[in-house]
Amino acid sequence: MTNRWKSIGLAALLAGLTLSASYAEAAGVLTIGRREDSTTFDPIKTAQNIDNWVFSNVYDVLIRVDKTGTKLEPGLAESWTASDDGLTYTFKIRDTKFSDGSPLTAEDAAYSLLRIRDDPASLWSDSYKVIETAIATDAHTLTIKLKNPSAPFLSTLALPNASVISKKGIESLGAEAYGEKPIASGAFVIDEWRRGDRVILKKNPNFWQADRVKLDGVEWISVPDDNTRMLNVQAGELDAAIFVPFSRVEELKKDPNLNVDIDASTREDHLLINHGHGALGKKEVRQALDMAIDKKAIVDAVTFGQGTVANSYIPKGALFHFADNLQRPYDPAKAKEMLAAAGASDLTLNYLVRAGDEVDEQTAVLVQQQLQKAGITANLQKIDPSQEWDMTVAGDYDISVNYWTNDILDPDQKTTFVLGHDSNNNYLTNYKNEAVKELVAKARLELDPKKREEMYVDLQKMAKEDVNWIDLYYSPYINVSRKNIDNFHQNPLGRFFLEDTVKN
């Protein structure tokens, strides 16, 4: 996902410089530094990793993705069957409870799925409109009927945003209050959310795998500045931190007190283009921009050998990735000619850059220099990360680097979100191509794996032809932890398995 995250302001930065005393001083509480604060704990209202990566351990889903990020496994649904025609699925729900002690039932699971499908606030409704009915036939049996067979259906049930929430809880508290302090179905429960500072989690004794959880609690602490966050871990003020800058990896590896964890990911960094702004609406102009950017130079300078040049919105290693997809050559002279032919000479662009993000700032300088060689002026607008998400959602930008990590195993989710529907302006780009949109819908229905792969190959070619955005590079997850922390890892979809993390 996805994605960009909201951040915090100066107050949180100061808090990060001298981390305050807290519940984290207790034994068995893991402190994790991250850039930004959460935005909500209502699963259907966010598409941001900074939210999903936290509430993946607050909520549980019917079906999970395993640690390898390659297969599905039982979650709150201990088993399931499908009818021969692929239209009816029956799920056996575990005998378990929510964090408040109330029973977790098939009615809660049905409610959660219909809410993500129907609620006007849902960012994910398109992926669940295939559900015709979701009914609790008894407390532990959920029956789902689909409007038509759907190849990605089971994968969509593993999406963190489709987590099972308490029907009675949200109806009594209201959606807004529930999004602040939800009733948990996962390994941890929210004890306190200090806006702009930290989210404090405590072990959920009613979790169906409570015996598996070794930690007493977790604190996700917002430290926006990358270098400050690394210094906090080195000084022992944090147990772990995520988003390690590429430039710091080798140095941190030499610290005998630290583990640098490099995990396989589905992360793809790309340059968003606002098709709704003037000349950027012309395909030829976007193609010229693609040719004006030297991706290999960016990978070498920014990722210090950790990244590889991207050639598709479907990341390398993911289902149906097309390895032979087009990679336009770096040719600023040709790009300049194309711009002139398109009537876009002397193009000037507003480039949003997140202040304090080392990689984002370095990438921006390189891209600015490269575009200049093609006669394009990129004005760098450094902004507090807390502003960046709202500005891109509002379309108040021309170009800006963003990233996405897959949330489900199937390519349908990302494809739908960035190419195939209109509710989020195709991930903030205002990209429109009706033929692409139709093929996205067709690929979702095709059950023959070979035919389906051909469709996704075509979609990758079409996206590259249209330049929905500019693919930059793929890279692993890079996190750091103190030596006394074991099993602090992410799977390729980004989920932290904090159920298994140990603080010695």
Side-chain angles (χ1 to χ4, degrees), residues 1-6 39-40 42-53 65 116-117 119-131 150-153 155-163 265-276 310 312-315 318-321 389 392-395 400-445 452 455-456 458-460 462-464 466-471 474 492-494:
M1 175 169 320
T2 157
N3 314 36
R4 187 59 60 224
W5 340 271
K6 281 189 177 176
T39 70
T40 181
D42 188 335
I44 70 169
K45 294 181 180 179
T46 183
Q48 301 186 64
N49 285 340
I50 206 64
D51 295 318
N52 285 27
W53 290 356
V65 177
I116 197 172
R117 183 193 71 180
D119 194 298
S122 174
L123 298 181
W124 302 97
S125 58
D126 281 12
S127 295
Y128 298 87
K129 286 178 180 174
V130 69
I131 297 174
S150 171
F153 175 63
S155 286
T156 65
L157 298 183
L159 180 71
N161 307 85
S163 295
S265 85
T266 52
R267 175 167 174 155
E268 184 226 357
D269 283 66
H270 46 264
L271 186 73
L272 289 177
I273 302 173
N274 189 344
H275 298 211
S312 168
Y313 75 92
I314 296 180
L319 184 64
F320 301 146
H321 170 75
W389 179 255
T392 51
V393 169
S400 182
V401 169
N402 199 305
Y403 86 92
W404 180 288
T405 59
N406 287 359
D407 299 301
I408 68 172
L409 296 180
D410 196 277
D412 172 69
Q413 181 230 355
K414 184 178 182 182
T415 303
T416 298
F417 215 75
V418 304
L419 302 178
H421 67 75
D422 303 319
S423 63
N424 68 351
N425 294 322
N426 280 327
Y427 204 60
L428 318 176
T429 62
N430 292 297
Y431 169 62
K432 288 180 173 61
N433 183 321
E434 288 303 316
V436 169
K437 186 175 178 179
E438 289 175 12
L439 187 55
V440 171
K442 269 188 179 178
R444 189 181 302 130
L445 304 178
R452 196 159 183 254
M455 290 179 174
Y456 279 102
D458 286 343
L459 283 166
Q460 289 168 84
M462 293 164 83
K464 182 67 73 171
D466 285 346
V467 194
N468 69 301
W469 63 34
I470 294 175
D471 302 304
Y474 308 126
L493 304 191

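Quick note: numbers below take in every heavy atom, side chains included, and nothing from hydrogens, waters or symmetry partners. None of the values given here were measured: they were computed from a predicted structure. We number each residue from 1, following the sequence as shown.
- Between the side chain of Asn161 and the backbone N or O of Thr46 there is at least one donor-acceptor pair closer than 3.5 Å.
- Distance check, rounded to the nearest 0.5 Å: OG1 of Thr415 to CG of Asn426 gives 11.0 Å.
- Within the 4.5 Å cutoff, no side-chain heavy atoms of Leu319 are placed close to those of Tyr456.
- Legend: residues meeting side chain to side chain contact (heavy atoms under 4.5 Å, CB included) with Ala121, ordered by chain and number and at least two apart, are Lys45, Asp119.
- Between Asp126 and Phe417, the closest side-chain pair of non-hydrogen atoms is not below 4.5 Å.
- Using a distance-only test at 3.5 Å, with no hydrogens or angles considered, a donor-acceptor pair links the side chain of Thr266 to the main chain of Pro492.
- Residues Met455 and Leu439 have side chains in contact (heavy-atom distance under 4.5 Å, counting atoms from C-beta outward).
- Here the side chain of Arg117 pairs no donor or acceptor atom with the backbone of Lys129 at under 3.5 angstrom.
- The two atoms that bring Ala158 and Val65 nearest to each other are CB-CG2, 3.8 Å, heavy atoms only.
- Between atom CH2 of residue Trp124 and atom OG1 of residue Thr416 there is a gap of 10.0 Å, rounded to the nearest 0.5 Å.
- The backbone N or O of Ala310 sits nowhere less than 3.5 Å from a side-chain atom of Asp471 that would complete a donor-acceptor pair.
- Two residues are said to be in side-chain contact when any heavy atoms from C-beta on lie closer than 4.5 Å; Leu493 and Asp407 fail this criterion.
- Closest non-hydrogen pair, Pro43 versus Pro160, comes out as CB-O, 4.0 Å.
- Although no hydrogens or angles enter the test, the distance criterion places a donor-acceptor pair under 3.5 Å between the side chain of Gln460 and the main chain of Phe320.
- Taking NE2 of His275 as the start and CG of Asp466 as the end, the distance is 8.0 Å to the nearest 0.5 Å.
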(Q) Checking Ser155 against Asp410 for the side-chain hydrogen bond (donor to acceptor under 3.5 Å, both in side chains) test, could you report, in this order, the C-alpha distance in whole Å, the side-chain angles of both residues, the deciding distance, and whether it holds? (A) CA-CA 6 Å; Ser155 286; Asp410 196 277; 5.0 Å; no
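- The closest side-chain heavy-atom distance from Pro152 to Arg444 is below 4.5 Å.
- Applying the ring pair (Phe, Tyr, Trp, His ring centres under 6.0 Å) criterion to Tyr128, with sequence neighbours excluded, gives no partner residue.
- In this structure, the side chains of Ser312 and Tyr474 come closer than 4.5 Å at one or more pairs of heavy atoms.
- Side-chain contact between His270 and Tyr313 is absent, with no heavy atoms from C-beta onward closer than 4.5 Å.
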Q: Just do the side chain to side chain contact (heavy atoms under 4.5 Å, CB included) check on Arg452 and Asp412 with the steps written out, would you?
A: CA-CA 11 Å; Arg452 196 159 183 254; Asp412 172 69; 4.0 Å; yes
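- Between atom CG of residue Asn402 and atom OH of residue Tyr427 there is a gap of 4.0 Å, rounded to the nearest 0.5 Å.
- Atom OG of Ser122 and atom CD1 of Ile116 lie 5.0 Å apart (nearest 0.5 Å).
- Looking at Asn406 and Pro315, their side chains come closer than 4.5 Å, going by heavy atoms from C-beta outward.
- Looking at every heavy atom in both residues, Gly395 comes nearest to Asn274 through O-ND2, 3.0 Å.
- Once rounded to the nearest 0.5 Å, the distance linking CD1 of Ile273 with CH2 of Trp469 reads 11.0 Å.
- No side-chain donor-acceptor contact under 3.5 Å links Asn430 to the backbone of Asn425.
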